[in-house]
Amino acid sequence: MQPATKVVGFRVEGAAQSPSPGPSLLHETTTARPGTGSPNPVLIPPAFQTGPPNLLRRSAEPIGANSQFPLQRTTTTPAVMAQYVAQPTSPSAASRRSVSSPDGPLPAQQSSPRARPSTTQSLPPLVAAEAQDLRQRLATGGLGAEASGKPADARQRPGGSSRGPSDSSAASPSDSVSAAGQAASQLQPDEGPAQAAGAQLSAFASTAAQLLPGHSPTSGAAADPTQHSGKARQASEESRGVGGRSSGERERSSRRGEAASRADSSGEKEKRHGPPPAAPPGRLAAGKESSTKEARSRKGGPPAGKEEGEKKQTTRAERRAQQEEQRAAKAAEKTARDKAARGEAEPAAARSGAPSKQSSAANLQASQPPSRSTSFRAAALTEDVRKRGIATPKKEPPLPEPLSHTTEMFAHLPQFKALSIEGVLRDSETVSKVHPCILRLGFKFADGSLKGGNTRAIALISALRQLIQDYTTPEGKVMSRDLTQQLNAAITFLVDCRPISVSMGNTIKFLKLQVGKLHPSRPEEEAKADLIKQLDDYLEEKIKFAEHMLVTTAVAKVGYDEVLLTYAHSSTIYSILLHAHQVGKRIRVIIVDSRPQNEGRQLLQKLLRHGIPCTYTHLNALSYVMEEATKVFLGASAVHTNGTVLSRAGTAAVAMMAATFNKPVLICCETYKFHERVQLDSFTYNELGDPDALLTVPVRPSISALSNWHQQPCLGLLNLAYDVMPADFITLIITEFGAIPSTSVPVILREYRQQPTLNGQVSS
Amino acid sequence: MERRSISQFLDAPEVRQPPVHHHRPPRHDASRQMNAAANFPDNEFMAVGGASYPIPETGSASEGIVREFTDALAKDTDIAVAVAVIKALVSVVRRSTATTMMGLEKDLKVAAAQLERCNETAISLKAACELFLRYTTRTSALETEDFQDAKSRIIERGNFFAETSIRARQTIAELGARFIRPGALVLVHGYSRVVLALLRKAVSEDKVFSVILTEGRPDETGRVMARALSELKVPIKVILDSAVAFALEAFEVDMVLVGAEGVVENGGVINKLGTYNIAIAAKAHNIPFYVASESYKFARLYPLNQNDLPLERKPVDFGPLMPATVKIENPSRDYTPPKFISLLFTDLGVLTPAAVSDELIQLYV
């Protein structure tokens, strides 16, 4: 890790040291406004003393320690890679579930515990040298990432819409897949160095394939099974009727493999193997493929013409992919036969349920007598792996594609990935571009130590304030433009850490508006002071003062001797309850909570400390406790134009239950969290939390039944962060401007969005 | 008709040229006679404006305001409470000896508080006070240097407010009468002068329709209404309050029309007891439920449910045969949530409940 000694745009020396997460920012934000949702350790019954899952700690486990690396999965690497080479712009599961190796930069491909290392092991020195050379080129090519083990930078992609594959060692099973995928996904049509690197990589792959012994003699025969397997996969997918991303990708890759075999009738493989005997099935598959292609273009996939154009360029990689696939199939088959010989029955469910292409390929392959050299080679491979003490394939049940672990319904959302600090810090580009305080903030977002709409917005403001303070305009640049770029870099990083909330989004929008308004002729110091003042005003008026006003309005709605029900933890609700208690309303509070975050306990702690009588229960008992409640107070993450409210998952259920029981539902939300979007359901926009957070049983961690869920191909864990409640359930929304019905959100947006602060327009 | 806003006064340009004629809806002679209630002598207000008005030397500005208010109500039984309030408050401004805007506002607030104390639970009284304060004080036009100038402007605006309020019923009648189709059967609950004006307007347009009246216990609003309507030669049927749901279906009622004591922030209404029953029954039968209400009844109030209303109880006599141990409860009004209301006929136009809250937000927020 080289420390960035001089960072352009900031007056920062030795930036690499500072990003280590310290308590200062959290301290700032919590002391700036007590009562925000940041966690603080307090006395509470021991049963409640389980903190949030520490992603960072989990993610910092060395990958090698995870002995679940399946042969099956990792052998798909070149196929996935080829897919990327052919379609560099389509972000896919593999690129999003990226993985870093925290313990130092890995030697590019060899150190990954997977099946292919054995192939690289057995590579002649020539290829190894080439690999080494490639690594160097990648490293020096301005990418800031090595071929594997290093995250590619999402910001390099135009548009930047795809979530950057920065580190996530939690997603380890897809390790090598995504590593290669990342490297390949660097291949952008308009990016010189990246393209060169990608081309190098594919060249390397094909070279390696050609040099592998025992491959070419059988590949002619093996060309068939590939196509068969492609067809079989398609058929199985069609029969299952899934239209998700993963199946789409599988279709794509199979089509490409098939297309490559057709297009290359005069290619070198053709020369080697003679005419492909599998032409009729290939045509059949092609017929099917055209329909899937149409379907995909309807779904908004890349235009077919582009693919055609790229096909020529990528045929080598495709061929390589095909070969790789065949090899994988054989290896898998070998494993299966090994197991059968030893009488170790594989779990039937794992085999039949896995939609993995390898298993289907293996099944098909099993019906054909493998050539001697193939089996010999596979045996050698297995032996080699066993010797090196890495995951022995026989113990590995076949794992599904990375995305099959997510729920199909939510495949379009940015998938969860844990962030590793080491990985980010090793990414010298991120470190150089992003201000240390933003890095620190991002880590806190990622590990969940800063959460809650207000808390995150306040923390963001203080970080942005710091960023602006440290900013100096580089020579020959305009401040408003350059600062906007800096902000964009910072925000992209924050989004990588965790998708930003509406509260943060509106804050950022506000700041960008102000930056854009800066006149070029203004002195820098003055402009900076002005921006900082704007931010401070925003914080004071839109967040702090707004909450004060809101609390006043809300407390006026609380009668004497009322029983108020609330869900999870909202800093605003806490202020309301506390204030209502302090003015002597004699309230009782029912806190409804739910796993996995159990945020309600924080609220419980705080309220108990003030002597407010409380009842604590989980969502399951909601219908029972709802009867006692007189009013329901709920916080919100965002309020949409159509009156729907985005809030912590489970809130909608509470609101619905309250509406069923005819209890008034009061949403408390400052107007800076209002959003112009119209949202009807919880699917279109949401955030996926860490699926592993669902594993732990709070009191008895030992009894978790899901501990090896990664090996269950049919199992996806869904940890949704938010849900959306319909406007019908909402009696009123309390804002700093008073109480409004949910139908009047557009009025607020219309009347007040023009005016960023209460005291009028910005001075510029 | 031109779409107007309750917050029309808040803009400086409109205020500078008193837009009386601009906003005056067309008057019909027939309705003028009918609407004696609203017929204040216009010149009374015309004389008021201007800094040259003599300011009384003695006493505080709000002195005698309550008497003035009650006198106004007594003088004309058909006068709307809001109009009397506005009249009283304008005279407070006139009499005020304050020399700053703050002082004037304080005087107005004291006077408004006194008025509100006349009847703690009267929603329209409270709403009118609040609206007047809002109309007169919240404006950029008041940022003039000269206090007397600003004061005269406030008086001007108060007068304008009073005038539009006076004409409100007529406007509503014109807007709402369109909704009565020929041959319609209209169910009316409670005694409301706006509803009466609306029905009169429909009659004057030679529409043939009939009315079902509820009895309206215990204050016999049905009888009062029936007497007024019988003069118009409208066929009337009176039913028991408890027969509403039966009548909606059995007689095939086409629409329900009620007045309002107050319109709250979410577009719901507070009205005579029984309105909520009828609204629910009408919703269940998919019969449109209309509310006729002047915009000065828009109150800064957001009841969450029936318990959240300022409680108003009236005595009720169930006769000597009722056992003495029985507790008798008679709230005088109820709250109808917006989801049961189809439309509100107001002098600002025909509004959905959501539009009412739009207006109120623009005014207050």
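Per chain, numbering begins at 1; letters A, B, ... match sequence-line order.
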Novice: Compare every heavy atom of A:Thr731 with every heavy atom of B:Tyr302, then report the nearest pair and how far apart it is.
Specialist: OH-O, 2.8 Å
Novice: Is it true that A:Asp728 and B:Lys339 make a salt bridge, defined as a side-chain N closer than 4.0 Å to a carboxylate O?
Specialist: no
Novice: Looking at every heavy atom in both B:Ala354 and A:Ser744, which two are closest together, and how far apart are they?
Specialist: O-OG, 4.1 Å
Novice: If you look only at pairs with a residue in residues 280-293 of chain B, which of them pass as a salt bridge (charged side-chain N to carboxylate O under 4.0 Å, His left out), with sequence neighbours excluded?
Specialist: none
Novice: Anything in residues 624-632 of chain A with a heavy-atom distance to chain B below 4.5 Å? Please list those residues in order.
Specialist: A:Lys631
Novice: Check whether more than 12 heavy atoms from other residues, nucleotides or ligands sit under 6.0 Å from atom NE2 of A:His548, and answer yes or no.
Specialist: no
Novice: Walk me through it: do B:Asp358 and A:Arg750 pass the test side-chain contact (heavy atoms from CB on, under 4.5 Å)?
Specialist: CA-CA 10 Å; B:Asp358 189 335; A:Arg750 185 182 70 217; 2.8 Å; yes
Novice: So do the side chains of A:Lys557 and B:Leu304 get within less than 4.5 Å of each other, counting heavy atoms only?
Specialist: yes
Novice: If the contact rule is any heavy atom under 4.5 Å from chain B, which residues of residues 661-668 of chain A qualify, in numerical order?
Specialist: A:Pro664, A:Leu666
Novice: Just how far is it from atom OG of B:Ser357 to atom CG of A:Leu732, taken to the nearest 0.5 Å?
Specialist: 11.0 Å
Novice: Any salt bridge (charged side-chain N to carboxylate O under 4.0 Å, His left out) involving residues 565-587 of chain A? Give me the pairs, sequence neighbours left out, ordered by first then second residue.
Specialist: A:Asp561-A:Arg586
Novice: Between B:Arg300 and A:Gly738, which heavy-atom pair has the shortest distance, and what is it?
Specialist: NH2-CA, 4.4 Å
Novice: Report the distance from atom CG of B:Asn266 to atom CD1 of A:Ile733, rounding to the nearest 0.5 Å.
Specialist: 12.0 Å
Novice: So for B:Asp308, is it side chain, backbone, both, or neither that comes closer than 4.5 Å to the heavy atoms of chain A?
Specialist: side chain
